[in-house]
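FYI, side chains are in, hydrogens and waters are out, and symmetry mates aren't considered; it's all heavy atoms of this structure. Source: prediction; values computed, not measured.
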Amino acid sequence: EVCEFIRSIPGTNPVIVGGRCATDRAVRLLEEIPRVSAVVCGDGHQTIKELAGGTPYKEIAGLAWRLNGRIIKNKGRSHSHIEELATPNRSLRKRNYTVRLEGLNFGIPFDVVMTSWGCPFKCKFCALRLDAYGRRRPWSARSPESVLEEFSQIKSRWIGIIDENCFVDIGRAERICELLIKEGLRKTIGVQARVSVAKYPSLLKKMWKAGFRVLSFGIESARDRTLDILDKRITVSEVISSFDTLRRHRFMTNGYFIVGNIGETKAQMLEILPF
């Protein structure tokens, strides 16, 4: 459907596509859709600036393009720091984002914030630890002050923090909470975390006071052998201990599991249910 839309775009102005799907299919898109002038592979914030500024295609890192019928894929762009990203100008949006579930619109304004990129852990199943060129992305974090500034610009009460791992630096996480508390923004926040966050009672108290209400955890399996194979660096007993701690607080907790891990029998997969 998207490809047909691209083919239908009139005129001769360049059509640039990007995103994860386009990155994975860059050569195929250029082969099958003549209307596509170039594909931005991986992070696009700097690439699109250079394109808009008139930099020749051959000089732009992270770009796949066409020259005399031949497809050329330039070298990958060096990793940038997340602080180089501009804060989105939400006033330019043409629609409001609201909480939806299975086609039902609850009408509750919702927004998302990214406070860091990457993750220092090496879970073998993770699709986010490598960039579009198969390179490991180093963890890169915004300052607590810049996070507060963006939160202050958001009108929605419900906010999702969409980092791969927001709590790599516990001191930084505590500082973000302290600033949110001091500012009195009264937001309701959801975030993904590792179960090890339960080891920091001071942080948990500050998180609740700052507005954190929903914590989602990648638990993956109820078997130590599988967790070891996945290189999760946690054990089942640690998961149980962490949730014993978390239940003393009022967070809504959510666990993600992988059903059908390599080497597991059907019975072992079903062990997730009682766990």
Side-chain angles (χ1 to χ4, degrees), residues 1-80 82 84-114 117-118 126-135 137 150 153-156 158-164 190 192 256:
E1 191 176 324
V2 173
C3 291
E4 288 305 312
F5 169 75
I6 294 172
R7 290 188 180 98
S8 71
I9 296 175
T12 57
N13 287 340
V15 174
I16 312 296
V17 299
R20 192 174 189 90
C21 182
T23 294
D24 292 341
R25 299 165 176 80
V27 173
R28 180 179 169 188
L29 285 171
L30 289 165
E31 287 176 341
E32 297 182 2
I33 310 179
R35 193 68 184 88
V36 173
S37 306
V39 179
V40 177
C41 299
D43 301 339
H45 54 285
Q46 189 60 39
T47 304
I48 204 70
K49 285 182 183 179
E50 293 178 11
L51 283 164
T55 303
Y57 283 7
K58 64 181 181 180
E59 298 177 13
I60 301 177
L63 194 72
W65 54 294
R66 203 184 291 105
L67 177 64
N68 299 326
R70 185 166 59 95
I71 294 172
I72 298 173
K73 198 169 184 180
N74 295 351
K75 67 178 182 179
R77 184 173 292 279
S78 300
H79 290 131
S80 52
I82 193 171
E84 297 172 20
L85 282 177
T87 301
N89 185 347
R90 291 171 169 84
S91 68
L92 298 177
R93 287 177 174 166
K94 295 182 180 179
R95 56 168 289 179
N96 295 320
Y97 293 87
T98 53
V99 176
R100 297 167 184 260
L101 180 64
E102 296 182 0
L104 180 63
N105 186 349
F106 290 86
I108 302 170
F110 179 79
D111 216 322
V112 297
V113 171
M114 179 174 279
W117 264 347
C126 182
L128 300 173
R129 63 193 178 102
L130 302 178
D131 69 8
Y133 291 83
R135 303 171 303 181
R137 180 194 291 282
E150 184 170 357
Q153 297 169 5
I154 297 175
K155 296 179 180 179
S156 304
W158 287 74
I159 297 177
I161 293 180
I162 55 173
D163 302 13
E164 282 104 58
Q192 296 184 95
Y256 294 106

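Other residues, nucleotides and ligands place no more than 12 heavy atoms under 6.0 Å from the CG atom of Asn96. Residue Arg93 qualifies as enclosed at atom CZ: its count of foreign heavy atoms under 6.0 Å is above 12. With a 6.0 Å radius and a threshold of 12 heavy atoms from other residues, nucleotides or ligands, Arg90 has its CZ atom above the threshold. Open room surrounds CH2 on Trp158; 12 or fewer heavy atoms of other groups in view lie less than 6.0 Å from it.
Shortest non-hydrogen contact noted between Leu30 and Arg66 is O-NH2, 2.8 Å. Nearest heavy-atom pair across Leu51 and Ile16 is CD1-CG2, 3.8 Å. The nearest pair of heavy atoms linking Val99 to Asn105 is O-OD1, 3.5 Å. Counting all heavy atoms, side chain and backbone alike, Trp117 lies closest to Ile82 at N-CD1, 3.9 Å. Contact record, Arg7 with Arg35: CA-CB, 4.4 Å, taken as the closest heavy-atom pair. Nearest heavy-atom pair across Lys73 and Cys41 is CE-SG, 3.9 Å.
Atom CZ in Arg77 sits 7.5 Å away from atom CD1 in Ile60 (nearest 0.5 Å). Atom CD1 of residue Ile159 and atom CZ of residue Phe110 lie 9.0 Å apart, to the nearest 0.5 angstrom. Here OH of Tyr57 is found 11.0 Å from CG of Asn74. Values are rounded to the nearest 0.5 Å. Atom OG of Ser37 and atom CG of Leu63 lie 10.0 Å apart (nearest 0.5 Å). We find the CG-CD1 distance between Asp43 and Ile48 to be 13.0 Å, quoted to the nearest 0.5 Å.
Checking side-chain atoms of Glu164 against main-chain N and O of Gly118 turns up a donor-acceptor pair under 3.5 Å.
Considering only heavy atoms from C-beta on, Met114 comes within 4.5 Å of Asp163 through its side chain. At least one side-chain heavy atom of Glu150 sits under 4.5 Å from a side-chain heavy atom of Pro88.
A salt bridge between Glu32 and Arg25 is absent, with no side-chain N of the basic residue lying under 4.0 Å from a carboxylate O of the acidic one.
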